[in-house]
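Below: one structure, written as structure tokens.
All chains are named by letter (A, B, ...) in the order of the sequence lines, taking the proteins before the strands, and each is independently numbered beginning at 1.
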There are 2 protein chains.
Amino acid sequence: MNIGDAAQLSGLPAKTIRYYEDIGLIEPLRSANGYRSFRESDLHKLTFLGRARSLGFTIDDCRTLLTLYRDRSRASADVKHVAQDHLACIDRKIVELTEMRRTLSHLVEACAGDDRPDCPILADLAAVAPGQSCVRQSN
Amino acid sequence: MNIGDAAQLSGLPAKTIRYYEDIGLIEPLRSANGYRSFRESDLHKLTFLGRARSLGFTIDDCRTLLTLYRDRSRASADVKHVAQDHLACIDRKIVELTEMRRTLSHLVEACAGDDRPDCPILADLAAVAPGQSCVRQSN
DNA sequence: ACTTGACCTTCCTATGACTGGAAGCATAAG
DNA sequence: CTTATGCTTCCAGTCATAGGAAGGTCAAGT
């Protein structure tokens, strides 16, 4: 199976598949003409990687997860640990984004959005002491 | 005022301030010895940038916002538009992360996390058809 | 005058996870 | 024989910095 088919079936761009080979995540064989030749096991790994990446795991996490996947004597605790760390990371990002969202939506609501120059958004950006918000809300 | 003081007062690393000059966000003067010399207006811009960045605006957004800030004849609608676009971007990210979080937390909960190799997390990563989740939940 | 240490300068490299594109070989169809 | 598609490698770019090397400047202390 050539890279085009592997891309089609795994849902990953060919570029990405080559990159994954570059960094040692997969090791497809080579045909006589130099083309990469993907086995079922390679395809399997690629879909595994695609799924893991879509859940936000880093490439490094993926490497670990692939290794655990191949290791029949793994402890599920090791897998769980990786997933829990990632989950905590996601939670931190959500908190950060939610905080941004809260502040920004207040500012957007307060802005008239007309032809006049007065703008509470710019006022906030400009007037704030480092690290301090001047947006005062009743809640 | 040298870059160290500007960094202290703006809360930005000196490295970042030099970078901002590189990409044309600020234009501090130079002293006879070649050191950057920051005016009040430069410092003002730096805190503006720090605040905008902390709200997640891209550097490109910051450039636009700085221009609008300087422009006394701006329309607040233009500022609001930039902020609303960014808000929509944040919302998309939150949705994406929340979806990841949901799936991942189900998997983590389902994993025993003990010495045995059986692991629903790996099972999900391995068994899924591209783009499809096999985690079935009652909700 | 000399040294130490803190501060400043520029320049180059690295990050993460790709993406785009150029130059060139392989293969299949018409 | 040409054309078109697919494959190869290699190099550069993305975003917003961070790290570090090599060297100039300045104020204080001996």
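Protein chain B contacts DNA chain D over a range whose 5' and 3' limits, counting nucleotides with an atom under 4.0 angstrom from a non-hydrogen atom, are D:dA16 to D:dC26. In 5' to 3' order, the nucleotides of DNA chain C bounding all contacts with chain A (an atom under 4.0 Å from a heavy atom) are C:dA17 to C:dT27.
The side-chain contact (heavy atoms from CB on, under 4.5 Å) test applied to B:Asp115 returns no partner, not counting sequence neighbours. Taking B:Ala112 as the reference, A:Ser76, B:Asp114, B:Arg116 meet the side-chain contact (heavy atoms from CB on, under 4.5 Å) condition, with sequence neighbours excluded. Remark: A:Phe48 pairs with A:Tyr69 by the ring pair (Phe, Tyr, Trp, His ring centres under 6.0 Å) rule, at least two apart or across chains. Evaluation of the side-chain contact (heavy atoms from CB on, under 4.5 Å) rule for A:Asp71 yields A:Ser73, A:Arg74 as partners, not counting sequence neighbours. A search for side-chain contact (heavy atoms from CB on, under 4.5 Å) contacts involving A:Thr67 returns nothing, not counting sequence neighbours.
Taking a 4.0 Å limit (strictly below) on heavy-atom distances, residues 13-21 of chain A reaches DNA chain C at A:Pro13, A:Lys15, A:Thr16, A:Tyr19, A:Tyr20. Interface residues of residues 27-42 of chain B facing DNA chain C, ordered by number: B:Arg30, B:Gly34, B:Tyr35, B:Arg36; criterion, heavy-atom separation under 4.0 Å.
No chain of hydrophobic side-chain contacts below 4.5 Å, direct or via other Ile, Leu, Val, Met, Phe, Trp or Tyr residues, connects A:Tyr35 to A:Ile26.
When all heavy atoms of B:Cys111 and B:Ile121 are compared, the closest pair comes out as CB-CD1, 3.9 Å. When every heavy atom of B:Ile3 is checked against every heavy atom of B:Phe38, the shortest pair comes out as CA-CE1, 3.5 Å. Across all their heavy atoms, A:Ala83 and B:Val108 have their closest contact at CB-CG2, 3.6 Å. The two residues A:Leu97 and B:Ile90 make their nearest non-hydrogen contact at O-CG2, 3.8 Å.
Under 4.0 Å is where a charged nitrogen must lie from a carboxylate oxygen, and between A:Lys45 and A:Asp42 no such pair does.
From one end of the helix from C:dA1-D:dT30 to C:dG30-D:dC1 to the other, with five pairs defining each end axis, the axis direction shifts by 30° (rounded to 10°).
With B:His86 contributing its side chain and B:His81 its backbone, the two residues share no donor-acceptor pair below 3.5 Å. Looking only at distances, a side-chain donor or acceptor of B:Ser10 sits under 3.5 Å from a matching main-chain atom of B:Leu12.
Listed by first then second residue, pairs satisfying salt bridge (Lys or Arg N to Asp or Glu O under 4.0 Å) with a partner in residues 79-94 of chain B read A:Arg101-B:Asp91, not counting sequence neighbours. Within the structure, the salt bridge (Lys or Arg N to Asp or Glu O under 4.0 Å) test picks out the following pairs touching residues 21-36 of chain B (sequence neighbours left out): B:Glu21-B:Arg30, B:Glu21-B:Arg36.
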